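First the proteins, then the strands, lettered A, B, ... as listed; each starts at 1. Since this is a predicted model, take the numbers as computed values, not measurements.
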4 protein chains.
Amino acid sequence: MRSKTPDKRLRILDSAVRVFAREGFFKAKVSQIAEDAGLAPGTVYLYFKNKEDLLISVFEERMEEIVSRFRAAVMEHHDPKSRLECLVRMHLSGFQSDPDLAACFQVELRQSSRFMRRGVKGGLQQYLGLIREIVESGRREGVFRKEVSAGLVTHLIFGALDEVVSTWVMSGMKYNLVSLTGQLVDLLTNGIGSGVSVIAKQGLEVDREADRALS
Amino acid sequence: MRSKTPDKRLRILDSAVRVFAREGFFKAKVSQIAEDAGLAPGTVYLYFKNKEDLLISVFEERMEEIVSRFRAAVMEHHDPKSRLECLVRMHLSGFQSDPDLAACFQVELRQSSRFMRRGVKGGLQQYLGLIREIVESGRREGVFRKEVSAGLVTHLIFGALDEVVSTWVMSGMKYNLVSLTGQLVDLLTNGIGSGVSVIAKQGLEVDREADRALS
Amino acid sequence: MRSKTPDKRLRILDSAVRVFAREGFFKAKVSQIAEDAGLAPGTVYLYFKNKEDLLISVFEERMEEIVSRFRAAVMEHHDPKSRLECLVRMHLSGFQSDPDLAACFQVELRQSSRFMRRGVKGGLQQYLGLIREIVESGRREGVFRKEVSAGLVTHLIFGALDEVVSTWVMSGMKYNLVSLTGQLVDLLTNGIGSGVSVIAKQGLEVDREADRALS
Amino acid sequence: MRSKTPDKRLRILDSAVRVFAREGFFKAKVSQIAEDAGLAPGTVYLYFKNKEDLLISVFEERMEEIVSRFRAAVMEHHDPKSRLECLVRMHLSGFQSDPDLAACFQVELRQSSRFMRRGVKGGLQQYLGLIREIVESGRREGVFRKEVSAGLVTHLIFGALDEVVSTWVMSGMKYNLVSLTGQLVDLLTNGIGSGVSVIAKQGLEVDREADRALS
DNA sequence: GATGAATGAGAATTCATTCAT
DNA sequence: CATGAATGAATTCTCATTCAT
């Protein structure tokens with residue numbers, strides 16, 4: 001069985017996520033990843049240009065899958081607010097259920113200067129694009145405000161999600177991240193101001209640990 | 001380690017910001033920084049434990065100054081919303097007026113695993129603390145909602161600011177970042193939902209370039 | 001190892017000359033040579049032991065053909081001096097008309113330690129043998145001096161030819177190498193001393209570019 | 001004693017000659033050379049750009065010394081023929097008395113593509129320059145022929161020397177190289193042709209081993 | 001305190017070669 | 001015979017850090 005299989009490529013990516021999460025990007029040795037995948041070091045270079053390319057590929061390829069999965073789920077909802085909630089919930093639960101991936105995305109990936117300098121457009125742009133679609137649909141239906149920049153709104157949502165997940169990762173992933181969904185959606189939708197009396201309060205209880213970690 | 005010539009210490013920090021911004025953390029050589037500061041490489045180690053410590057110190061010491069300056073300005077306002085606006089404006093204009101520092105904080109710093117693993121508590125916590133104070137004051141005065149986690153609100157604000165600045169840095173710092181202040185404060189306060197009819201609309205025009213970059 | 005398709009063997013040798021000349025021995029990849037020959041990398045190893053063997057084989061096999069061709073031509077002459085002139089002319093014109101081969105022989109081949117340590121006896125020895133025969137015939141006929149070592153004379157001739165061709169290759173193969181034949185033969189025959197008044201001066205004009213490059 | 005001394009540079013060069021001669025250029029490890037010089041591997045890179053630069057530097061710097069030493073000796077003679085003989089003798093005895101250097105110059109150096117592509121002009125050109133001066137002086141005094149290209153004559157002399165030394169190195173340095181001086185000078189001066197009756201025949205006996213090796 | 005020459009650990013990467021198909 | 005995916009050995013070179021002066 002000596003054929004260049006997509007299977008092998010995937011095995012390398014899986015191993016990379018594991019090893020990067022466990023060792024950190026710099027400490028991780030390519031040979032470790034190869035070994036974890038049951039391959040020789042050189043084989044990694046048959047599929048990836050170098051170690052950084054491996055990290056970026058983890059991101060891009062996982063992201064692609066994530067975006068299409070999220071989009072499918074989000075688009076099952078027709079109410080923009082439900083869409084937003086769906087996205088937030090999936091974002092949080094996605095990372096919560098895959099701590100290795102969370103560590104890769106929130107910590108290790110940022111150590112790639114290529115990533116930090118946004119040399120990587122694909123995955124992140126697609127994700128921002130999905131958020132943007134939700135925002136646009138809400139604007140069309142009059143559920144979301146139109147007098148503010150849609151781009152800014154998009155980044156507000158992404159920034160909030162990213163920060164919340166980062167905080168969770170940094171604090172040791174000890175609390176229930178998904179439990180923040182309700183409040184986060186509420187905050188994004190209604191803001192922090194007390195102008196409106198928000199009525200429906202179900203789903204707003206936050207994990208105690210979460211609250212402590214955020215403080 | 002704080003005795004010696006404080007002057008030299010500062011020269012090193014200044015040079016570090018410049019060199020890190022220009023070269024990136026990993027490409028930057030300690031000897032480059034020393035040369036930029038007009039010193040020998042060994043001298044850097046009289047003031048800083050190692051290269052990463054230098055990066056972290058840049059952050060911590062600049063942050064200390066920033067936090068106290070921001071706090072002073074913020075506290076001149078008594079209305080929590082004005083305080084928030086003051087903070088947002090200062091955050092954005094602070095980075096806008098010091099691109100090297102912006103590059104250091106938003107890009108290079110994240111490449112330090114010690115930072116990313118939140119091994120650095122001081123500066124960031126203080127900054128989050130300042131935001132938190134604003135939030136708490138707003139809650140006490142009934143201007144900000146109390147039924148959501150104050151910690152979450154704090155991170156929402158920080159996450160939004162951080163993402164907006166990052167996007168600006170990544171897109172080449174080409175547009176007027178401060179012009180986003182009005183909309184950002186509005187969004188944070190009132191949310192993205194169209195529940196409220198927000199009245200005062202002055203200060204909501206956003207730089208065209210900004211809008212394009214955010215899309 | 002000589003069975004298989006002789007055609008393929010030759011294609012590989014031809015490609016090797018081209019690729020070695022273009023890339024240099026070390027930069028040249030076996031896979032490049034294979035590709036140039038329209039074959040898979042592994043196939044090269046059905047015909048040659050390794051990369052160095054390929055280089056050596058290029059030399060040996062081309063040399064074999066060269067020696068027999070040169071010998072045939074040389075032996076058509078019966079005057080030893082004509083024989084020498086014939087050899088010099090063919091040596092120079094041979095390389096001049098095949099720059100890739102010249103580059104291989106004069107530059108790349110020397111980068112093989114096996115060659116440089118004279119681990120390769122065949123081709124070169126045969127060539128030296130041919131020169132030797134010319135020398136011996138001249139001695140028998142009293143045209144060439146007998147009181148000096150025939151071996152030394154042989155190497156003198158070869159050394160002169162080799163150096164002249166090397167200089168031509170290094171200087172970019174820009175001038176007419178064959179134009180040196182007359183003078184070179186004259187010098188070899190009569191020496192650099194002005195003891196003799198050499199009469200026949202035809203064929204002694206040297207290419208201007210050649211003269212410049214030799215200076 | 002922590003000063004960048006020329007002494008250290010020289011120690012490295014000496015060690016390099018030894019190690020290159022013993023191991024060959026490619027097998028030689030930089031760390032071996034460093035160890036031989038009593039230094040850390042990294043130190044070598046303080047003085048030389050890389051391994052090839054080290055090899056080239058050995059050549060250039062030794063050559064410089066050689067050329068000036070040879071020139072001094074050669075110019076003590078005023079008769080061009082004596083000058084030539086002096087040069088040939090020094091060339092042969094120089095290599096004979098320093099086998100490591102001979103191995104470096106005749107074998108290892110050629111494995112550097114930078115050298116083989118004449119990326120190194122200095123040393124060799126100077127040496128050719130010295131030969132050229134001898135030739136020119138002989139022409140002025142009517143001792144050497146003027147109707148042939150001086151450049152060609154120069155390369156003829158160099159080519160002969162180079163080939164003779166190479167043959168000696170390849171055959172194991174087993175015979176007396178200097179013993180070839182007389183015949184070589186005679187051949188260069190009077191040529192291989194029997195046109196002239198050369199009279200003085202002293203100094204023309206060649207080492208038996210030499211004669212065998214040249215055959 | 002300051003210097004800057006010396007250190008030396010450490011891992012990514014290449015590519016000739018193999019061998020299962 | 002031919003293939004070409006997989007192998008894995010093997011070493012340069014960098015540069016943060018030290019420490020004798």
Side-chain angles (χ1 to χ4, degrees), chain A residues 1-5 8-9 12 26-35 37-54, chain B residues 1 3-5 8-9 26-35 37-54, chain C residues 1 3-5 8-9 26-35 37-54, chain D residues 1-5 8-9 12 26-35 37-54:
Chain A
M1 185 119 358
R2 282 283 183 125
S3 57
K4 209 166 170 179
T5 60
K8 238 164 252 156
R9 183 185 174 83
I12 295 171
F26 284 106
K27 257 197 73 194
K29 297 180 213 14
V30 172
S31 57
Q32 267 179 314
I33 295 170
E35 193 188 29
L39 296 166
T43 307
V44 172
Y45 290 86
L46 241 47
Y47 294 90
F48 302 94
K49 218 168 69 250
N50 52 40
K51 195 173 143 185
E52 187 176 30
D53 182 44
L54 189 43
Chain B
M1 213 178 249
S3 43
K4 343 252 156 158
T5 328
K8 263 175 208 144
R9 183 186 174 81
F26 284 106
K27 255 196 74 194
K29 316 271 169 267
V30 172
S31 56
Q32 264 180 313
I33 295 170
E35 195 191 24
L39 297 166
T43 308
V44 171
Y45 290 85
L46 294 173
Y47 295 91
F48 302 94
K49 220 168 69 246
N50 52 41
K51 189 176 156 184
E52 188 175 31
D53 182 43
L54 190 43
Chain C
M1 212 178 249
S3 46
K4 343 254 155 152
T5 327
K8 260 174 212 145
R9 184 186 171 82
F26 284 107
K27 257 195 73 194
K29 315 271 166 268
V30 172
S31 56
Q32 264 180 312
I33 295 170
E35 194 190 26
L39 297 166
T43 308
V44 171
Y45 290 85
L46 294 173
Y47 294 90
F48 302 93
K49 217 166 73 248
N50 53 41
K51 189 176 156 184
E52 188 175 31
D53 183 43
L54 191 43
Chain D
M1 184 119 358
R2 280 288 182 122
S3 58
K4 208 168 170 179
T5 60
K8 239 165 251 156
R9 184 187 173 82
I12 296 171
F26 284 106
K27 257 196 75 196
K29 298 181 213 12
V30 172
S31 56
Q32 268 179 312
I33 295 170
E35 194 189 27
L39 296 167
T43 308
V44 172
Y45 291 88
L46 239 48
Y47 294 88
F48 302 94
K49 221 169 67 248
N50 53 41
K51 194 174 144 182
E52 187 176 31
D53 182 42
L54 190 43

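- Closest approach of Arg9(D) to Phe48(D), counting heavy atoms only: NH2-CE2, 3.6 Å.
- Counting only heavy atoms from C-beta outward, the side chains of Val44(D) and Leu39(D) never approach each other to under 4.5 Å.
- Residues Ile33(A) and Ile12(A) approach most closely at CG2-O, 3.9 Å, considering heavy atoms.
- Look at NZ on Lys27(C): it is 14 Å from P on dT14(E), rounded to the nearest Å.
- Within the 3.5 Å criterion, the main-chain N or O of Ala37(A) finds no donor-acceptor partner in the side chain of Lys8(A).
- Candidate nucleotides dT17(E), dT13(E), dT7(E) were compared by shortest atom distance to the side chain of Tyr45(A), and dT13(E) ranks first.
- Comparing Pro41(B) and Pro41(D) by the nucleotide of DNA chain E whose heavy atom lies nearest to each, the residue mapping closer to the 5' end is Pro41(B).
- Side-chain proximity of Lys8(A) to the nucleotides dA12(E), dC1(F), dA6(F) is greatest for dA6(F).
- Taking atom CZ of Phe26(A) as the reference point, atom C1' of dA12(E) lies 13 Å away to the nearest angstrom.
- Ala28(A) comes within 4.0 angstrom of sugar-phosphate atoms only, judged by non-hydrogen atoms across all strands, and of no base.
- Taking atom CG on Leu39(C) and atom P on dG4(F), their separation rounds to 10 Å, with Å as the unit.
- Taking the nucleotide of DNA chain F with the nearest heavy atom to each of Gly42(C) and Gly42(B), the more 5' of the two is matched to Gly42(C).
- Between the P atom of dA16(F) and the CD atom of Glu35(B) lies a distance of 14 Å, rounded to the nearest Å.
- Distances shown here put a side-chain N or O of Tyr47(B) below 4.0 Å from the OP1 or OP2 atom of dA2(E).
- The CG atom of Leu46(B) sits 13 Å away from the P atom of dC19(F) (whole-angstrom rounding).
- In this structure, Ile12(D) places its CD1 atom 11 Å from C1' of dA6(E), rounding to the nearest Å.
- Taking atom CD1 of residue Ile33(C) and atom P of nucleotide dT17(E), one finds them 11 Å apart after rounding to whole Å.
- With dC13(F), dT7(F), dT7(E) as the choices, the nucleotide that has an atom nearest any side-chain atom of Asn50(D) turns out to be dC13(F).
- For Lys29(C), whose side chain is taken as the heavy atoms from C-beta onward, the closest listed nucleotide among dA12(E), dA16(E), dA2(F) is dA16(E).
- Which of dA2(F), dA16(E), dT7(E) sits closest to the side chain of Lys51(C) comes down to dA16(E).
- Listed nucleotides dT3(E), dA6(E), dT7(F) differ in distance to Thr43(A); the shortest reach to its side chain belongs to dT7(F).
- Applying the Watson-Crick and G-U wobble criteria (two distances, each under 3.5 Å), dG4(F) pairs with dC19(E).
- Summarising the geometry, the separation between NZ on Lys49(A) and P on dT13(E) is reported as 10 Å, rounded to the nearest angstrom.
- To the nearest 0.5 Å, atom CG of residue Asp53(A) and atom OH of residue Tyr45(A) are 10.0 Å apart.
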